[in-house]
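Presented below is the structure to which this report refers.
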Number of protein chains: 2
Amino acid sequence: MPTTSPRTLQPRKTPVQERSAATVDAILQAAIQVLVSVGKERLTTTLVAMRAGVSVGTLYQYFPNKSALLQASLKRHMHGVSTSVDHICKEYRSASLLTMGAALIDAYLSAKMRNVKESAALYSVSSDLDGLAIAKAAGARGRRVVAELFATASEGLTKDPEIVATMVMAALNGVSRRLLEAKSPERELAPLREELLVLVRGYLLTCIATKPAI
Amino acid sequence: MPTTSPRTLQPRKTPVQERSAATVDAILQAAIQVLVSVGKERLTTTLVAMRAGVSVGTLYQYFPNKSALLQASLKRHMHGVSTSVDHICKEYRSASLLTMGAALIDAYLSAKMRNVKESAALYSVSSDLDGLAIAKAAGARGRRVVAELFATASEGLTKDPEIVATMVMAALNGVSRRLLEAKSPERELAPLREELLVLVRGYLLTCIATKPAI
DNA sequence: TCCAAAGCTGAAGGTTCCTTCATCTAAACA
DNA sequence: TGTTTAGATGAAGGAACCTTCAGCTTTGGA
């Protein structure tokens, strides 16, 4: 019977044996697969369990409800992208602003393009009420990290790093989305990435006092 | 009983008397209101009908199913934005590229910001399977119209108008989205619009041969 | 080898909500 | 005023699907 879903969205059981960790992983992967193949509207917990090769009951041992399952999938995906961005944010501290911009674009786009179908399918999760909060949080976090990176730019910013980060990430998101909903994202990647570099470079040049030769 | 929904998403009855046209309008408005207040997940046809001050049966006289209702709402919203963009695309033919860019930003942002809650709520509709097709089509159309506009720029483009339009619209979309999911979009509008102008101007300057003074 | 804990099962309960249709009311028109 | 047609009603049918739980199987250690 559908109860009023408990607001705790943590797994109800934490894996202790190794096999159950594998089960959780299988369920999470299956959720993505089902999402990709039938879409969020027609995704059912039974379908996900089947795809994972377990029974529904097992699914509910690790996720209190369907929404929690979807949120976990989204978090996992977001975490992958965050990790990529975090990584280059550490690597490029104190570099030149244009280098940072280029590295950011590369990292973000390749993370999103690693699995196109998955990234595209998760947009539907990130726009319902539960998913939106996660997406917003991830966005805010990314913005903060990138702003901190920009603040270390060797040239020195003439603007608030926060707003510069906001604009760059917004442009990046806009292009990613456009890319992911294209008929053939792979084909469009190269030209759009190139052009995005131009866009971001042109903008970043307005954020520093002295303009470098290239 | 839920039948296999007919794939024709046209209204099943075309209003002939004036009152029924008013009814359709009320239903469409109510759909938006319910969407804003409870979200797509908890929107039900009965709720929409109640809000519109009619019975469910009436709703089903004009929309074959729930999905069609949502699609009609989305189309209506998209059409509003399209109209704004189309309008400035006619008005600014043969103007300078930078003028076009500024006008486009103004038109697009003010159309989206006219009703913030509505625009934000409709993102959830435009990411399910049915809505996505509509959103994609609207995006493609917008891109085409803007590319045609850019092609008339007085300076003459050094790049494919299509890709220039793609980038500008992607950036515009990215910033809109960021704006609409902010805690207080109204407060952020002015600074982000300003910065978006800088971003787009910087980019458009790379798309023409001779650079104007300002 | 045996037991306790962890993990797994899946039929069934129960709720939600879409959709229909027989019937009623209002409008247009002769 | 009577008739026809458009428009509106809302209770009820019934599909879909989330979630539970009593019992079964597997694992790991004593």
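Below, chain A is the first sequence line, B the second, and so on; all start at residue 1.
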Using only side-chain N and O atoms of [X], determine if any of them is under 4.0 Å from OP1 or OP2 of [N].
{"X": "A/Ser20", "N": "C/dA6", "result": "no"}
{"X": "B/Thr23", "N": "D/dA8", "result": "yes"}
{"X": "A/Ser55", "N": "C/dG10", "result": "no"}

For the residue pair A/Glu188 and A/Ser184, confirm or rule out a side-chain donor-acceptor distance under 3.5 Å.
-> no
Sidechain N-carboxylate O distance under 4.0 Å for B/Arg143, B/Glu148 | no
Pair B/Asp130 + B/Lys66: basic N to acidic O under 4.0 Å =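 Looking at B/Lys66 together with B/Asp130, the answer is no, because their closest N to O distance does not fall below 4.0 Å.
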By nearest-nucleotide position on DNA chain D, the 5'-leaning member of B/Val56 and A/Thr46 is B/Val56
Which nucleotide in [options] has an atom nearest any side-chain atom of [X]:
{"X": "A/Tyr60", "options": "D/dT19, C/dG7, C/dT20", "result": "D/dT19"}
{"X": "B/Arg19", "options": "C/dA27, C/dG7, C/dT19", "result": "C/dA27"}
{"X": "A/Gln61", "options": "C/dT9, D/dT9, C/dC17", "result": "C/dT9"}
{"X": "A/Tyr62", "options": "D/dG7, D/dA8, C/dG7", "result": "C/dG7"}
{"X": "A/Lys66", "options": "C/dC18, C/dG7, D/dT19", "result": "D/dT19"}

What nucleic acid atoms does [X] come within less than 4.0 Å of, heavy atoms only: base, sugar-phosphate, or nothing?
{"X": "B/Thr44", "value": "sugar-phosphate"}
{"X": "B/Thr58", "value": "base"}
{"X": "A/Leu43", "value": "sugar-phosphate"}

Using atom [atom1] of [X] as one end and atom [atom2] of [N] as the other, report the distance to the nearest whole Å.
{"X": "B/Phe63", "N": "D/dA8", "atom1": "CZ", "atom2": "C1'", "result": "15 Å"}
{"X": "A/Glu41", "N": "D/dC17", "atom1": "CD", "atom2": "P", "result": "11 Å"}
{"X": "A/Leu47", "N": "D/dA16", "atom1": "CG", "atom2": "P", "result": "13 Å"}
{"X": "A/Leu59", "N": "D/dT20", "atom1": "CG", "atom2": "C1'", "result": "13 Å"}
{"X": "A/Asn65", "N": "C/dT15", "atom1": "CG", "atom2": "P", "result": "18 Å"}

So, do A/Val125 and A/Ser73 sit near enough that their side-chain heavy atoms are less than 4.5 Å apart?
->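 SC-SC contact between A/Val125 and A/Ser73 ruled out.
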Is B/Leu98 close to B/Val200 at the side-chain level, that is, under 4.5 Å between some pair of heavy atoms?
-> no
